[in-house]
> 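Dropping the structure in here first, questions after.
Residue numbers run from 1 in the order of the sequence given.
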Amino acid sequence: MLILAIDTSAVASAALVSDDALEGVVASISTEDTRSHAEVLAPEIQQLLLETGVSGSDIDALVVGVGPGPFTGLRSGIATARTLSFVWGKPLYGMMSLDAVALEVAESTTAAPEFLVVTDARRKEVYWARYSLTEGQLPVLEDGPHVGFAADLPDLPAYGAGAGLYADALKADQEFAHEQPDALYLGQFALARLAAGGELLDSTPLYLRESDAQIPGPRKRAL
């Protein structure tokens, strides 16, 4: 099975993963320019397909990170994934973006049996979820996702860029202090979950809070 995975919850990333390829990885791209997700994502995906000789007809499914994340970033990735799914006539699945970091943690030697994945939500808040881990198994989501203050999170080892940002309030693992959700791990997690007979989400975004942009109300009368 060949999957094109996309995530723009923090950085813009895309990856081709396959259950036939070595370690499941065909190719991947990532950019940390958070101000130009919409501009760079589609051209980068096009280049990714050209370099690997893969066409839309070769892809079996698309997976997109549905957050949590900011409005602008999530919309860029989800809109791109939905468009490609429609054009290519391929199924589209959603995955919680924090799952990507959870899988990366699970594959490391520092993974704790129970841990938090934490990313930056701005406004001095974080997005977070709690996972459990049994040896040889995929991470299991136990709670979340949520948005809140770092000081209010459970007292557990914390992984991800949000943990690094608030290391004074969290048990931050320094090896993962700058880690962001990446489409590569998102696609690998999706493949593993599908192979195990699990279900994936749809592409509905997990914003968790209202947009910063608001529709203006009626103008106040001067008198």
Side-chain angles (χ1 to χ4, degrees), residues 5-15 28-38 40-41 44 63-78 94-112 114-133 138-190 205-209 211-212:
I6 298 169
D7 189 272
T8 53
S9 62
V11 301
S13 59
S28 65
I29 57 99
S30 179
T31 173
E32 295 188 9
D33 185 356
T34 59
R35 296 169 299 178
S36 58
H37 285 168
V40 304
L41 186 60
E44 290 284 358
V63 171
V64 64
V66 295
F71 275 65
T72 303
L74 286 185
R75 279 200 301 265
S76 298
I78 293 173
M95 286 277 290
M96 186 173 72
S97 299
L98 301 181
D99 287 347
V101 179
L103 180 62
E104 192 172 359
V105 171
E107 294 179 351
S108 76
T109 58
T110 62
E114 192 170 12
F115 60 91
L116 307 177
V117 172
V118 188
T119 59
D120 183 18
R122 303 174 187 174
R123 302 185 192 174
K124 299 182 179 181
E125 292 182 322
V126 294
Y127 297 119
W128 67 277
R130 178 169 59 88
Y131 293 84
S132 63
L133 187 63
L138 293 172
V140 176
L141 177 66
E142 300 290 353
D143 187 23
H146 303 289
V147 61
F149 296 108
D152 297 332
L153 270 58
D155 187 25
L156 291 169
Y159 302 81
L165 189 61
Y166 297 100
D168 57 334
L170 298 169
K171 292 181 177 178
D173 186 294
Q174 292 306 310
E175 182 182 346
F176 290 84
H178 303 286
E179 209 63 35
Q180 302 279 21
D182 191 292
L184 175 59
Y185 288 96
L186 201 73
Q188 290 178 326
F189 204 154
L206 297 171
Y207 291 130
L208 299 193
R209 66 186 181 197
S211 172
D212 289 332

> Minimum heavy-atom separation for Asp7 to Ser97, with atom names?
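Scanning both residues, the minimum pair turns out to be OD2-OG, 2.6 Å.
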> Between atom CH2 of Trp128 and atom OG1 of Thr119, what is the distance when rounded to the nearest 0.5 Å?
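Between atom CH2 of Trp128 and atom OG1 of Thr119 there are 12.0 Å.
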> Name all residues meeting the salt bridge (Lys or Arg N to Asp or Glu O under 4.0 Å) criterion together with Asp168; count only those two or more places apart in sequence or in a different chain, and write none if there are none.
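If we apply the salt bridge (Lys or Arg N to Asp or Glu O under 4.0 Å) test to Asp168, skipping adjacent residues, there are no hits.
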> Provide the full list of ring-ring contact (aromatic ring centres under 6.0 Å, His included) pairs with a residue in residues 164-189, sequence neighbours left out, each pair given once.
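Passing the test, one end in residues 164-189: Tyr159-Phe176.
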> Under the rule for side chain to side chain donor-acceptor pair (under 3.5 Å), what residues qualify as partners of Glu114, not counting sequence neighbours?
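Listed in chain order: Arg130.
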> Which value, rounded to the nearest 0.5 Å, describes the distance between Thr8 atom OG1 and Arg75 atom CZ?
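That separation rounds to 10.5 Å.
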> Apply side chain to side chain donor-acceptor pair (under 3.5 Å) to Gln180 and list each qualifying residue two or more places apart in sequence or on a separate chain.
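Per chain and number, Gln180 pairs via side chain to side chain donor-acceptor pair (under 3.5 Å) with no residue.
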> Looking only at heavy atoms, which two atoms of Leu141 and Met96 are closest? And how far apart?
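Closest heavy-atom pair between Leu141 and Met96: CD1-CE, 3.8 Å.
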> Can you give me the closest heavy-atom contact between Val66 and Ile78, atom names plus distance?
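Looking at all heavy atoms of both residues, the shortest contact is CA-CD1, 4.2 Å.
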> Looking only at non-hydrogen atoms, find the nearest pair between Ala150 and Leu170 and report the distance.
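Between these two residues, the closest heavy atoms are O-CD2, 3.4 Å.
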> Nearest 0.5 Å, please: how far is CD1 in Ile29 from CG in Leu184?
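The CD1 atom of Ile29 is 11.0 Å from CG of Leu184, to the nearest 0.5 Å.
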> Return the set of residues passing salt bridge (Lys or Arg N to Asp or Glu O under 4.0 Å) with Asp99 (not counting sequence neighbours), or none when no residue passes.
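Checked Asp99 against salt bridge (Lys or Arg N to Asp or Glu O under 4.0 Å); matches are Arg193.
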> State, yes or no, whether a side-chain contact exists between Leu116 and Pro154 at a heavy-atom distance under 4.5 Å.
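Yes; the side chains approach each other to less than 4.5 Å.
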> Given 3.5 Å as the limit, does a donor-acceptor pair link the side chain of Ser30 with the main chain of Ser13, or not?
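No.
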> Looking only at non-hydrogen atoms, find the nearest pair between Pro145 and Leu206 and report the distance.
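Heavy atoms of Pro145 and Leu206 come nearest at CG-CD1, 4.1 Å.
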> Say you draw a straight line from NE2 of His146 to CD of Glu125; how long is it, rounded to the nearest 0.5 Å?
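Result: 13.0 Å between the selected atoms.
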> Grab the two heavy atoms, one from Leu133 and one from Leu138, that are nearest each other, plus how far apart they are.
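Smallest interatomic distance, heavy atoms only, reads CD1-C, 4.2 Å.
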> Given Tyr131, which partner from the list Val101, Val117, Val140, Leu156 fulfils the side chain to side chain contact (heavy atoms under 4.5 Å, CB included) test?
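That would be Val117; it is the only one of Val101, Val117, Val140, Leu156 passing the side chain to side chain contact (heavy atoms under 4.5 Å, CB included) with Tyr131.
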> Among residues at least two apart in sequence or on other chains, which ones pass side chain to side chain donor-acceptor pair (under 3.5 Å) with Asp152?
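With sequence neighbours excluded, Asp152 shows a side chain to side chain donor-acceptor pair (under 3.5 Å) to no residue whatsoever.
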